[in-house]
Amino acid sequence: MFTARVIEVLRRIPRGKIVTYGRVAALAGNPCAARQVVRVLHVYSKKEGLPWHRVLNREGAVSLERGHGYEEQRALLEREGIVFGVDDRVDLENCLWMPARSDLSEIEAEVL
DNA sequence: CTCGTGACTCCCG
DNA sequence: TCGGGAGCCACGA
């Protein structure tokens with residue numbers, strides 16, 4: 001199940017690192033299901049205690065609107081040491097999480 | 001089976 | 001460079 005894989009991927013994002021919606025989707029098996037990731041966050045982030053704040057858009061910026069979660073997400077990330085530039089974006093080169101092969105197999109094992 | 005739903009992305013003017 | 005429009009898609013109702 002795609003959703004289960006997404007959850008497993010999110011669970012493994014380490015502190016101080018972030019991933020993009022599209023990346024999570026790809027890791028979960030479907031590169032074109034970025035929007036599904038959003039749904040998963042809506043439905044399971046709270047219930048499963050997922051690190052929802054570590055998911056940013058392709059630009060490396062927070063997608064939530066100001067006054068609707070933006071401040072909270074940004075604060076949570078900064079608390080983990082992630083730095084936002086003057087353009088309100090993070091440096092993907094340094095912050096993007098690159099899962100190891102072992103992480104991927106763990107996910108597979110978890111979902112089976 | 002069809003339809004609505006997005007914290008997305010890509011593409012084009 | 002920016003904004004709008006059109007894909008894209010799993011999942012629940």
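Values in this document were obtained by computation on a predicted structure and should not be read as measured data.
- Among the heavy atoms of the strands lying under 4.0 Å from A/Y21 is at least one base atom, whether or not backbone atoms are also near.
- Toward the 5' end of DNA chain B, the nearer of the two residues A/G22 and A/Q36, judged by each one's closest nucleotide, is A/Q36.
- As rounded to whole Å, 6 Å separates atom C1' of B/dA7 from atom NE2 of A/H42.
- Distance alone, capped at 3.5 Å, is enough to place a donor-acceptor pair between the A/Q73 side chain and the A/H53 backbone.
- For B/dC8, the OP1/OP2 oxygens have no side-chain nitrogen or oxygen of A/T20 closer than 4.0 Å.
- A salt bridge does not link A/E110 to A/R11: none of the charged nitrogens lies less than 4.0 Å from a carboxylate oxygen.
- Considering all non-hydrogen atoms of both residues, A/A33 and A/A25 come closest at C-CB, 3.6 Å.
- Take A/E72 and apply the salt bridge (Lys or Arg N to Asp or Glu O under 4.0 Å) test, not counting sequence neighbours, and it matches no residue.
- If you take CD of A/E65 and P of B/dC8, they are 10 Å apart, rounded to a whole angstrom.
- To the nearest angstrom, P of B/dA7 lies 21 Å from CZ of A/R54.
- Both tests do not hold together for A/R89 against A/F84: distance to the six-membered ring centre under 6.0 Å, angle to the ring axis within 45°.
- Following rounding to the nearest Å, A/L64 (CG) and B/dG6 (P) show an atom-to-atom distance of 13 Å.
- Separating the NZ atom of A/K47 from the P atom of C/dC11 is a distance of 14 Å, rounded to the nearest angstrom.
- Atom pair A/R39:CZ and B/dC8:P shows a separation of 15 Å (rounding to whole Å applied).
- Rounded to an integer number of Å, the gap from A/L41 CG to B/dT5 P is 19 Å.
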Practice task
Apply side-chain contact (heavy atoms from CB on, under 4.5 Å) to the pair A/V55 and A/L10, showing each step before the final yes or no.
Solution key: CA-CA 8 Å; A/V55 188; A/L10 294 175; 3.7 Å; yes
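- The side-chain tip of A/R66 points at the ring of A/Y70 from less than 6.0 angstrom away and within 45° of straight on.
- Separating the CD1 atom of A/I7 from the P atom of C/dA10 is a distance of 15 Å, rounded to the nearest angstrom.
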Completion exercise
Per-nt protein contacts along nucleotides 3-8 of chain C (heavy atom under 4.0 Å; B base, S backbone sugar-phosphate only, - none) come out as ----BB
